[in-house]
Amino acid sequence: MVSPPDTSKTTKLERYNSYLRKVNSSSSTKIVTSTSKILFRTTLLTAVVMILFFTINHPSLSIATTRRPRSLLSSPSFGGAAWEKQVRKSSTPRSPTGISVLVTGAGGFVGSHCSLALRKRGDGVLGLDNFNSYYDPSLKRSRQQLLLKNGIFIVDGDINNSGLLKKLFDMVPFTHILHLAAQAGVRYAMKNPQSYIHSNIAGFVNLLEVAAKHADPQPAIVWASSSSVYGLNTANPFSESHRTDRPASLYAATKKAGEEIAHTYNHIYGLSLTGLRFFTVYGPWGRPDMAYFFFTKDILNGKTITVFRSAEGQKDVARDFTYIDDVVKGCLGALDTAEKSTGVPGGGKKRGPAQLRVYNLGNTSPVPVSKLVSILENLLSSKAKKNIVRMPANGDVPYTHANVSLAHHDFGYKPTTDLTSGLRKFVKWYVGYYGIHLKSESSDGIKDV
Ligand SMILES: O=C(O)[C@H]1O[C@H](OP(=O)(O)OP(=O)(O)OC[C@H]2O[C@@H](n3ccc(=O)[nH]c3=O)[C@H](O)[C@@H]2O)[C@H](O)[C@@H](O)[C@H]1O
């Protein structure tokens, strides 16, 4: 027997078509009685009337049904007086010299820290985040609560939603965008390649389109690139002038593509664009998908951790781990030195050349992953169970090391936190956030290293 169509929500048409197909192909149609035919026609008519009524009353949803990717169908609605009030209040600077910044990915690690720092100095900050489930969304929601307590509202939405972006730019004359929303993670790109295209390419282009052609004034944009763009580069420390045409992962390739896309929008539309190459950023409120975070969790749970070593005879696998507070200072420095865009709102020709920059934001001091593990063991008073394996060919690179002289020259960027001090602060946050009691504790709850 063919079950009746489910006419709920936005997939009505699709389901109804499939219902009709099933009805037509089913042998049971041959024996339908005239009563059931009448019932069927009545249902069909009712459904068509309902769809027409729904489409007239919800034009935006009808577009979503036919054109937008499925992921956006579940986007929460936006609009309404209370929502608009929150948007305006959050994005209005408190300081007379403050800037007004749209922070994409504000529910994320770097985004939440930057939003708080901007707000603290009196800038207007509006967040935007889709709160996806790449990692535990409850951590993102906790960051959202923290931001809300500090007067920062995060709009629940996707950077691919141009209707939402246009509405935000119609409501607020943002001077800057700090674009941090992205699909992160180097190794996950092999599992879910499309998510990198969706966020790091399509989402970025969508944001630039709205910034270039719709926003008035056109904002200056500072955005997150990545140290991973250096890929198979062997010259070090990595300088902005080094080769970046050999990415080792799809993640890196999408970030490199972002840098080229930035060039295009700068060239054609006069958007002021600054890309920041972050080097393995860590700290309190960090990302659970990163090694320092899940090593901490696994060491505390007595679970074996897998530590990568590079091929025989080469250096240890090492990272230029960079503490979040240093990166935040770099982001604010980049925003403060960003010049205005020079394009004509509406997408016309630019009035003159606009600023196009790229900077390394690293720590200038690579640390082997084996050393990261021993620092954590000391801080946690627990011995790690280690499975040491050769680094798999899954997008990883053996070594990163930043030369930050350009960022230092242009906006005084100077990292000041070594890995031991930074991890100490991370562990302190971690045990507090997850309510963990360590075996042996010093006065602040963390074992001295
Ligand atoms: O700078 C960046 O642009 C990127 O930094 C970060 O990537 P990575 O530097 O790879 O950090 P992360 O995964 O924490 O691995 C750290 C170390 O642990 C090693 N590692 C990792 C996993 C494991 O199981 N074992 C292991 O030894 C591993 O080999 C590596 O040496 C961000 O995730 C990424 O989104 C991007 O921002």
Side-chain angles (χ1 to χ4, degrees), residues 105 108-111 134-135 180-192 195-196 199-200 223-231 233 236-238 244 247-256 258-259 275-283 286-299 303-311 314-324 326-327 330-331 358-364 366-376 384-402 404 415 419 422-423 426:
F109 171 38
V110 181
Y134 165 61
Y135 64 79
L180 303 171
Q183 177 58 60
V186 175
R187 289 161 290 279
Y188 179 69
M190 286 183 75
K191 282 195 193 145
N192 189 357
S195 64
Y196 291 79
S199 296
N200 304 357
W223 69 282
S225 183
S226 162
S227 72
S228 66
V229 299
Y230 290 107
N233 173 52
N236 72 74
F238 301 168
T244 55
S249 66
L250 183 67
Y251 168 72
T254 60
K255 286 295 179 180
K256 172 64 182 168
E259 293 188 357
L276 301 175
R277 294 176 179 167
F278 295 156
F279 282 70
T280 316
V281 189
Y282 72 98
R287 276 171 35 207
D289 65 312
M290 288 184 68
Y292 75 94
F293 198 117
F294 64 77
F295 282 176
T296 300
K297 184 178 175 202
D298 291 346
I299 292 171
K303 219 175 128 188
T304 304
I305 58 169
T306 303
V307 181
F308 300 150
R309 63 164 174 77
S310 40
Q314 286 185 12
K315 285 180 189 169
D316 243 351
V317 170
R319 286 290 180 274
D320 198 2
F321 296 100
T322 310
Y323 189 64
I324 182 66
D326 290 325
V327 166
C331 291
V358 68
Y359 294 103
N360 287 341
L361 290 187
N363 196 47
T364 71
V367 177
V369 176
S370 53
K371 173 76 179 162
L372 163 84
V373 174
S374 67
I375 297 171
L376 286 174
K385 290 181 191 154
K386 286 176 274 190
N387 177 28
I388 299 169
V389 303
R390 202 173 164 146
M391 192 182 81
N394 56 5
D396 232 324
V397 292
Y399 184 77
T400 63
H401 183 185
V404 299
L419 186 60
L423 282 177
F426 163 72

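Start at 1 and go down the list; that is how both ligands and their atoms are numbered.
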Nearest to [atom], what protein heavy atom do you find, and at what distance?
atom                    : answer
atom 6 (C) of ligand 1  : Met290 CE, 3.8 Å
atom 17 (C) of ligand 1 : Val369 CG2, 3.7 Å
atom 7 (O) of ligand 1  : Val186 CG2, 3.7 Å
atom 36 (C) of ligand 1 : Tyr251 OH, 3.5 Å
atom 24 (O) of ligand 1 : Thr306 O, 3.4 Å
atom 2 (C) of ligand 1  : Ser227 OG, 3.3 Å
atom 4 (C) of ligand 1  : Ser226 OG, 4.3 Å
atom 13 (O) of ligand 1 : Arg187 NH2, 2.3 Å

I'd like to check [X] versus [Y] (side-chain heavy atoms, cut-off strictly below 4.5 Å). Are they in contact?
X      : Y      : result
Phe279 : Pro366 : no
Val327 : Leu276 : no
Glu259 : Trp223 : yes
Ser227 : Asp320 : no
Ser228 : Tyr251 : yes
Tyr323 : Pro415 : no
Gln183 : Thr254 : no

* Asked: Would you say the ring centroid of Phe109 lies under 6.0 angstrom from that of Tyr282?
  -> no

For ligand 1, does [X] get within less than 4.0 Å through its side chain, its backbone, both, or neither, judged by non-hydrogen atoms?
X      : answer
Val317 : side chain
Phe109 : neither
Phe278 : backbone
Arg319 : side chain
Phe308 : both
Arg277 : neither
Lys255 : neither

Quick one: which ligand 1 atoms are inside 4.0 Å of a heavy atom on [X]?
X      : answer
Gly185 : 35 (O)
Ser228 : 3 (O)
Phe279 : 1 (O)
Asp396 : 28 (C), 29 (O)
Ala291 : 12 (P), 14 (O), 15 (O), 16 (C), 18 (O), 21 (C)
Val307 : 27 (O)
Ala184 : 35 (O)

Could you tell me whether the side chain of [X] and the main chain of [Y] form a donor-acceptor pair under 3.5 Å?
X      : Y      : result
Tyr196 : Ala189 : yes
Lys255 : Asn200 : no
Thr304 : Asn387 : no
Asp396 : Met391 : no

* Measure the distances from the heavy atoms of Arg287 to every atom of ligand 1 and state whether one is below 4.0 angstrom. => yes

* Asked: Taking the non-hydrogen atoms of Tyr282, is any one of them nearer than 4.0 angstrom to ligand 1?
  -> no

* Asked: Is any N or O atom of Ala318, backbone or side chain, closer than 3.5 Å to an N or O atom of ligand 1?
  -> no

* **Contact (N/O only, under 3.5 Å) between Tyr292 and ligand 1** => no

* Spatial distance of atom CG (Leu372) from atom CG (Leu423) [nearest 0.5 Å] -> 5.5 Å

* Asked: For residues Asp289 and Tyr188, is any side-chain donor paired with an opposing acceptor at under 3.5 Å?
  -> no

* Using the ring of each side chain (for Trp, its six-membered ring), is Phe238 parallel, tilted or perpendicular to Tyr230, with breaks at 30° and 60°? -> tilted

